[in-house]
Asker: 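Below is a structure I'd like to ask you about.
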Amino acid sequence: MRRFAFVLWLFVTGHVLSFAQEGHEWETYYQQLSGTEDMESADWGELYQLLCELEEHPMNINAVTREDLEQLPFLTDMEVEAIMEYLDRYGEMKSLGELAMIEPLDYDKRRLLTCFLYVGSKPDGSHTDWQQLLHHARHDVLFTARIPLYERKGDKNGYLGYPYRHDLRYSLHSGQRLKAGLVGAQDAGEPFFANKNGMGYDFYSFYLLLRDMGKWKNLAVGRYRVSTGLGLVANTDFILGKTAVLQSMGRQRRTVRAHSSRSSSDFFQGIAATRALTRRLDLTAFLSYRTIDATLNSDSTTIATIVTSGYHRTQTEMNKKGNTRQWLAGMNLHWFHRGFHAGATMVHTALNRDLNPNTSQLFRAYSAAGRHFTNASVEYGYTGSHFSVKGETAAKLSDHQMPIVTLNMITYKPAGEVEMLLLQRFYSYRYNAPFARSFSEGGHVQNESGLYFGINWHPLRNLLLSAYGDYAYFPWARYQVSQSSHAWDYLFTMRYTPSKWQLMMRYRLRRSERDNAAKTALANRTEHRGRTLVAYNNGKWNLRTQVDAAYTLFENNKSLGWMVSQNVSFQTAKRLQLNATAAYFHTDDFDSRLYFYERGMLYSFSFPAYYGEGIRYSLMLHAELTDRITVNAKMGTTNYFDRNAIGTGLQQIDHSSMSDVEVQLKWKF
């Protein structure tokens, strides 16, 4: 009865109260992409951080470059090109309402752009006035802490530090031209000013990024991220998967950006620079040296696996911290003229120990091995007013067989209401590149061939129909698959946004092959996922009610799960806002787990998976004490009805519920 009453309350309050996103239109876009990919990926946190930063420091539309616009992950190649052409042809914009004059931009994209752009006068680009740049710089200090109201087994015996997670950020911004900062981060259980963390925090990131300094387009010093081509050789930036690819029509970010997050993986440390050699030819070069974590083999001289979790809570984890050195040198040439573009990338990576994984397991037979890795690629393409073609082909030069990979795509927009994407990839199972990240079903640029087709259709201004189909073939064995196999993935989404309402319905079907229980043949694993969302927004009061469902089938094993969630918030005063969320979930097991997006602290991403039976609820307070000081506070509880303990191992909590308190203080000066 208690559970029935809770579910009933969700629906009743959903139609009486409402939910507001503190004016963050981009969070609606963010949630539309979510729920269909693997939300446990750290890439979603990186996207959230990037969008937070871009909203905090919007760009002057009259001063943007092509590289500036390419930071926005939802814009397509044709949309970026159309904006730049409009500015070149008509000069400065007088208001963002002029975005409606740019044909490729639909209503949703124009609304998103207003979150990250503003109209200002065009600066004099004849020289860099460092005094003025520093004079207009903005300083932010941000402290965030999470305090658990429970005790894990590791907190009693096993973890080296306190159970609190916290981080400290300092950043300096002057428009898009100057960015510098320092991030210190600590996970729960890690020692603070102790053990190998004698300098305080377990992880630090320090960075300086200068942009648009004459012929020097970018200069990054400290910790930074790089993305070139389509990611077949070098991409330490995020790659989000099939739904995001459809939204951006396959545009890959070419970027050098500061590593300003608390993530302790996927970054370089050293220097990177982009210089315009001619009006149409750019050269990007980067050097890196850093220590990384690794699990060593029994001989203590070779590497079994490279560790990217960043956790140093136990003595075993601490012993792996920084035990391996990594060097890297790379360069990218990029030429662009009247829509045509071409380029070349080469990256060499070296370790101070041999990478020697256990290749006795069939699916690991072609894992990366050795001490030196050299990869090179060529990229090519054309962007027109109604279509674009692009691709990248790469090879592993440090292998005498020189295995290759290639990714190619065509985007076609015959009319303003329709846009289509066709994507082909071939990834040799012999190919290895330490920093390759690109579109894939299996999660790696290796052992995969496939074809993807996606379409967006606006039959009405307020109606969007999106769909994709993807087929993948894996020629070599994979985890839980002892022979070549196939996978299919289909998704359909309908979103209707009349006036102040929004209705969204989504269905996804995935089918892949796995070894059967006897490991004598392959059997199909089928997964169905659906979502229905109703939202209302009148400017001050909003509503968001959501229902999710999942059903999986593998041989005789069936798993069913569903979740209903409600978000409610209201602004009680000009500087005060309250936000509440609640969800009830019921799944048979982990196979039918469901993901629930929940508002969190600034730069803090939360999209955990829930399975079993229980409820999740939270309350968040946002208060602007002064023009310079902002406080956020949040308390959340997850209460399970089907268990007496949560988690396993050192993470186990001997209780059926867990609560956390988060606090955040921001000071601007």
Asker: With distance as the sole criterion, is a donor-acceptor pair present between the side chains of Tyr159 and Gln651 under 3.5 Å?
Answerer: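 The answer is yes; a qualifying pair exists.
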Asker: Applying ring pair (Phe, Tyr, Trp, His ring centres under 6.0 Å), name anything that partners Tyr603, two or more places apart in sequence or on another chain.
Answerer: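 Scan of Tyr603 (ring pair (Phe, Tyr, Trp, His ring centres under 6.0 Å), adjacent residues dropped) gives none.
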Asker: With no hydrogens and no angle check, do the side chains of Thr295 and Lys320 hold a donor and an acceptor under 3.5 Å apart?
Answerer: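 A pair is found: one side chain offers a donor N or O, the other an acceptor, under 3.5 Å apart.
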Asker: Assert yes or no for the condition that the ring centre distance of Phe585 to Tyr640 is strictly below 6.0 Å.
Answerer: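 Ring centroids of Phe585 and Tyr640 are less than 6.0 Å from each other.
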Asker: Are more than 12 heavy atoms from other residues, nucleotides or ligands located less than 6.0 Å from atom CG of Asn358?
Answerer: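 Count over threshold, so yes.
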Asker: With respect to Asp187, which candidate in Arg262, Arg313, Arg146 satisfies the salt bridge (charged side-chain N to carboxylate O under 4.0 Å, His left out) definition?
Answerer: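 Among Arg262, Arg313, Arg146, the one meeting salt bridge (charged side-chain N to carboxylate O under 4.0 Å, His left out) with Asp187 is Arg262.
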Asker: Is there a donor in the side chain of Glu53 and an acceptor in the side chain of Ser260, or the other way round, less than 3.5 Å apart?
Answerer: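 Yes, side-chain donor-acceptor contact under 3.5 Å.
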Asker: Are there over 12 heavy-atom neighbours, none belonging to Tyr201, within less than 6.0 Å of that residue's OH?
Answerer: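 Enclosed: over 12 neighbouring heavy atoms sit under 6.0 Å from OH of Tyr201.
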Asker: Would you kindly say whether Asp515 and Ser482 are connected by a side-chain donor-acceptor distance under 3.5 Å?
Answerer: yes
Asker: With sequence neighbours excluded, tell me which residues meet ring pair (Phe, Tyr, Trp, His ring centres under 6.0 Å) with Phe453.
Answerer: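 Checked Phe453 against ring pair (Phe, Tyr, Trp, His ring centres under 6.0 Å); zero matches.
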Asker: Looking only at the aromatic ring of each residue, does the gap between the centers of Tyr496 and Trp501 stay below 6.0 angstrom?
Answerer: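 No.
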Asker: Scan residues 444-459 for pairs that pass salt bridge (Lys or Arg N to Asp or Glu O under 4.0 Å), counting only residues two or more places apart or in two chains.
Answerer: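 Those involving residues 444-459 are Arg425-Glu448.
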Asker: Tell me whether the centres of the aromatic rings in Tyr468 and Tyr452 are closer together than 6.0 Å.
Answerer: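 Yes: the rings meet the under 6.0 Å criterion.
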Asker: With no hydrogens and no angle check, is any side-chain donor or acceptor of His655 less than 3.5 Å from a backbone partner on Ser657?
Answerer: yes
Asker: So which pairs with a foot in residues 547-560 pass salt bridge (Lys or Arg N to Asp or Glu O under 4.0 Å), sequence neighbours left out?
Answerer: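 Non-adjacent pairs meeting salt bridge (Lys or Arg N to Asp or Glu O under 4.0 Å): Arg531-Asp548.
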Asker: Does any pair with a residue in residues 577-590 pass salt bridge (Lys or Arg N to Asp or Glu O under 4.0 Å), and if so which ones, sequence neighbours excluded?
Answerer: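 Pairs touching residues 577-590 that pass the test: none.
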Asker: Holding to side-chain hydrogen bond (donor to acceptor under 3.5 Å, both in side chains), I want the full list of residues that pass it with Tyr150, two or more places apart in sequence or in another chain.
Answerer: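 Testing Tyr150 for side-chain hydrogen bond (donor to acceptor under 3.5 Å, both in side chains), a comparison that skips the adjacent residues, returns Asp660.
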Asker: For atom NE2 of His528, is the number of surrounding heavy atoms from other residues, nucleotides or ligands below 6.0 Å larger than 12?
Answerer: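 Yes, enclosed.
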Asker: Check whether the ring centres of His166 and Phe192 lie less than 6.0 Å apart, and answer yes or no.
Answerer: yes
Asker: Check for a donor-acceptor pair, side chain of Lys242 on one end and backbone N or O of Tyr490 on the other, with a separation under 3.5 Å.
Answerer: no
Asker: Can you confirm whether the side chains of Asn456 and Glu419 place a donor and an acceptor under 3.5 Å from each other?
Answerer: yes
Asker: Report yes if the distance between the aromatic ring centroids of Phe492 and Tyr507 is under 6.0 Å, otherwise no.
Answerer: no
